[in-house]
Chemist: 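Handing you a structure now.
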Amino acid sequence: MKYLKYMMILLGILVFGCKTPEARRPVTQNSGTFINESIQRNKKLVAKEEAQILEIIERDSVTEYIPSENGFWYYYNKRSTDSLNTNTPQFGDIVEFDYSIKDIAGQDIYAEGELPRKNYAIDKEELFGGLREGIKLMREGEVVTFIFPSHKAFGYYGDKNKIGTNIPIITKVTLHSITEETNNKNND
């Protein structure tokens, strides 16, 4: 009898112990509303900034603004007239440039000469997105003014100094020189 009792307990343990584990359900479930709300906020922000930029462009009937494929606008302050100067920077080339930054109202954030002259290896170093793409449109000796919406400038984080969160900017860039990467010359 005692033997039978132990056999029943052992059989019960085997039957209930061999049950496949059930997945635990999360205590809370996210429905994705935060991400959807964030997308909507960003779309409104981009639309507002683009409206501000287009208003500036519309008011300036003297300057010919060029829309870029990368979501910003620009115009030439000084365009290269040298027909032999057709090279634009390519991946790995070293460019030397200086730039100044204004807010969308035209107030200096970093005045001309305030930021040091910069050497930059195209697409190999950190530079904010709009300027990285804008420099690729320039030729040696040109001066170009870019208008960047905040997502092409310093975005949500700003520059952690003078440029705050979600600030569209106007950047005037002078491209002094382009030094081709030696690998590019060998591949041609």
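Heads up: numbering here begins at 1 and tracks the sequence.
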Chemist: Within this structure, what is the CD-OG distance for the pair E112 and S100, rounded to the nearest 0.5 Å?
Modeler: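 The CD atom of E112 sits 4.5 Å away from the OG atom of S100.
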
Chemist: Go through the side-chain N and O atoms of N161 and Y110 and say whether any donor and acceptor fall under 3.5 Å apart.
Modeler: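 Their side chains do contain a donor-acceptor pair, which is all the 3.5 Å distance test asks for.
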
Chemist: Just so I know, are the side chains of W73 and I57 near enough to count as touching, which here means a heavy-atom distance under 4.5 Å?
Modeler: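 Side-chain contact under 4.5 Å: yes.
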
Chemist: Side-chain heavy atoms nearer than 4.5 Å, only ILVMFWY residues, links allowed to pass through others: does that put I109 and I104 together?
Modeler: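 Different clusters: I109 never reaches I104 through Ile, Leu, Val, Met, Phe, Trp or Tyr contacts under 4.5 Å.
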
Chemist: Indicate yes or no: does K124 engage E181 in a salt bridge with an N to O separation below 4.0 Å.
Modeler: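 E181 and K124: salt-bridged.
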
Chemist: Roughly how far, to the nearest 0.5 Å, is NE2 of H176 from CG of N119?
Modeler: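 One finds 10.0 Å between CG of N119 and NE2 of H176.
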
Chemist: So with a 6.0 Å cut-off around NZ of K102, is the heavy-atom count from everything else above 12?
Modeler: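 For K102, atom NZ is not crowded (no more than 12 foreign heavy atoms under 6.0 Å).
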
Chemist: Contact between F72 and P149 at the side-chain level, heavy atoms closer than 4.5 Å - yes or no?
Modeler: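 Yes, their side chains come closer than 4.5 Å.
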
Chemist: Quick one: closest heavy-atom pair of E140 and S177, and the distance?
Modeler: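 Looking at all heavy atoms of both residues, the closest pair is OE1-CA, 3.5 Å.
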
Chemist: Do N87 and E180 come within less than 4.5 Å of each other through their side chains, counting heavy atoms only?
Modeler: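 A side-chain contact exists here, since the closest heavy-atom pair is under 4.5 Å.
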
Chemist: Without hydrogens or angle criteria, can the side chains of T33 and N36 be said to hold a donor-acceptor pair below 3.5 Å?
Modeler: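 No, no side-chain donor-acceptor pair sits under 3.5 Å.
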
Chemist: Side chains of E49 and S150: any donor to acceptor distance under 3.5 Å?
Modeler: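 The answer is yes; a qualifying pair exists.
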
Chemist: Would you say T63's side chain and Y65's backbone share a donor-acceptor pair under 3.5 angstrom?
Modeler: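 Not confirmed, T63 side chain does not pair with Y65 backbone.
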
Chemist: Does some side-chain heavy atom of T145 sit less than 4.5 Å from a side-chain heavy atom of T171?
Modeler: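 T171 vs T145: side chains apart.
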
Chemist: Is I163 reachable from L45 through a run of I, L, V, M, F, W or Y residues, each pair having side-chain heavy atoms under 4.5 Å apart?
Modeler: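 L45 and I163: separate clusters.
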
Chemist: So does K162 get a backbone contact from the side chain of D159, meaning a donor-acceptor N/O pair under 3.5 Å?
Modeler: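 Yes; at least one donor-acceptor contact below 3.5 Å.
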
Chemist: I'd like to know whether I122 forms a side chain to side chain contact (heavy atoms under 4.5 Å, CB included) with K136, so could you lay out the CA-CA distance, the side-chain angles of the two residues, the decisive distance to 0.1 Å, and finally the verdict.
Modeler: CA-CA 8 Å; I122 299 294; K136 293 178 193 176; 3.9 Å; yes

Chemist: Hey, does the side chain of E114 reach the backbone of A111 with a donor-acceptor pair shorter than 3.5 angstrom?
Modeler: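 Side chain of E114 to backbone of A111: a pair is present.
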
Chemist: To the nearest 0.5 Å, what is the distance between OH on Y75 and CD1 on I66?
Modeler: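 Interatomic distance, Y75 OH to I66 CD1, rounded to 0.5 Å: 11.5 Å.
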
Chemist: Side chains of L137 and I135, heavy atoms from C-beta outward: is any pair under 4.5 Å?
Modeler: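 Result no, sub-4.5 Å side-chain heavy-atom pair not found.
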
Chemist: Rounded at 0.5 Å granularity, tell me how far CD1 in I169 sits from CZ in F154.
Modeler: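 It comes to 5.0 Å.
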
Chemist: Are side-chain heavy atoms of I147 and Y74 found at a separation under 4.5 Å?
Modeler: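 Of all side-chain heavy-atom pairs linking Y74 with I147, none is under 4.5 Å.
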
Chemist: At their closest point, which heavy atom of Q52 faces which heavy atom of P168, and how far apart are they?
Modeler: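 Where Q52 meets P168 most closely, the heavy atoms are OE1-CG, 4.0 Å.
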
Chemist: Any luck finding a side-chain donor-acceptor pair between N166 and Y156 under 3.5 Å?
Modeler: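 No, no side-chain donor-acceptor pair sits under 3.5 Å.
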
Chemist: When you measure from the side chain of E64 to the backbone of V62, do you find a donor-acceptor pair of N or O atoms at a distance under 3.5 Å?
Modeler: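 Checked: no pair found.
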
Chemist: Ignoring hydrogens and angles, tell me if any N or O in the side chain of E142 forms a donor-acceptor pair with the backbone of K78 under 3.5 Å.
Modeler: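 Here the side-chain-to-backbone pair does not exist.
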
Chemist: Minimum heavy-atom separation for K172 to V143, with atom names?
Modeler: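 Heavy atoms only, the tightest pair is CE-CG1, 3.6 Å.
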
Chemist: Taking the six-membered ring for Trp, are the ring centroids of F128 and F148 within less than 6.0 Å of each other?
Modeler: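 F128 vs F148: aromatic centres under 6.0 Å.
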
Chemist: Just by distance, do the side chain of R132 and the backbone of L127 share a donor-acceptor pair under 3.5 Å?
Modeler: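 Yes; at least one donor-acceptor contact below 3.5 Å.
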
Chemist: Show the nearest heavy-atom pair for residues Y120 and D123, with the distance to one decimal.
Modeler: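 Taking Y120 first and D123 second, the nearest heavy atoms are OH-N, 3.1 Å.
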
Chemist: Among K48, K44, E50, find the residue that satisfies the side chain to side chain contact (heavy atoms under 4.5 Å, CB included) test when tested with V46.
Modeler: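 That would be E50; it is the only one of K48, K44, E50 passing the side chain to side chain contact (heavy atoms under 4.5 Å, CB included) with V46.
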
Chemist: When clusters are formed by joining ILVMFWY residues with side-chain heavy atoms under 4.5 Å apart, either directly or through shared neighbours, do L175 and I170 land in the same one?
Modeler: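 Different clusters.
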
Chemist: Can you find a pair of side-chain heavy atoms, one from S68 and one from E133, that are under 4.5 Å apart?
Modeler: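 In short, these two side chains do not touch, never coming nearer than 4.5 Å.
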
Chemist: For I178 versus V95, what's the shortest heavy-atom pair and its separation?
Modeler: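 Residues I178 and V95, closest heavy atoms: CG1-CG1, 4.1 Å.
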
Chemist: Drop me the distance from D93's CG to T179's OG1, to the nearest 0.5 angstrom.
Modeler: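 The distance works out to 8.0 Å.
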
Chemist: Quick one: do L115 and Y99 satisfy side chain to side chain contact (heavy atoms under 4.5 Å, CB included)? Show the steps, please.
Modeler: CA-CA 7 Å; L115 295 168; Y99 64 110; 3.5 Å; yes

Chemist: Do F97 and L131 have side chains that approach each other closer than 4.5 Å (heavy atoms only, starting at C-beta)?
Modeler: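 Contact flag for F97/L131 side chains = yes.
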
Chemist: Between the main-chain N or O of A121 and the side-chain N or O of E125, is there a donor-acceptor pair closer than 3.5 Å?
Modeler: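 Looks like yes, one N/O pair under 3.5 Å.
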
Chemist: May I ask you to decide whether E96 forms a salt bridge with K118, counting only side-chain N to carboxylate O separations under 4.0 Å?
Modeler: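 No, E96 and K118 are not salt-bridged.
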
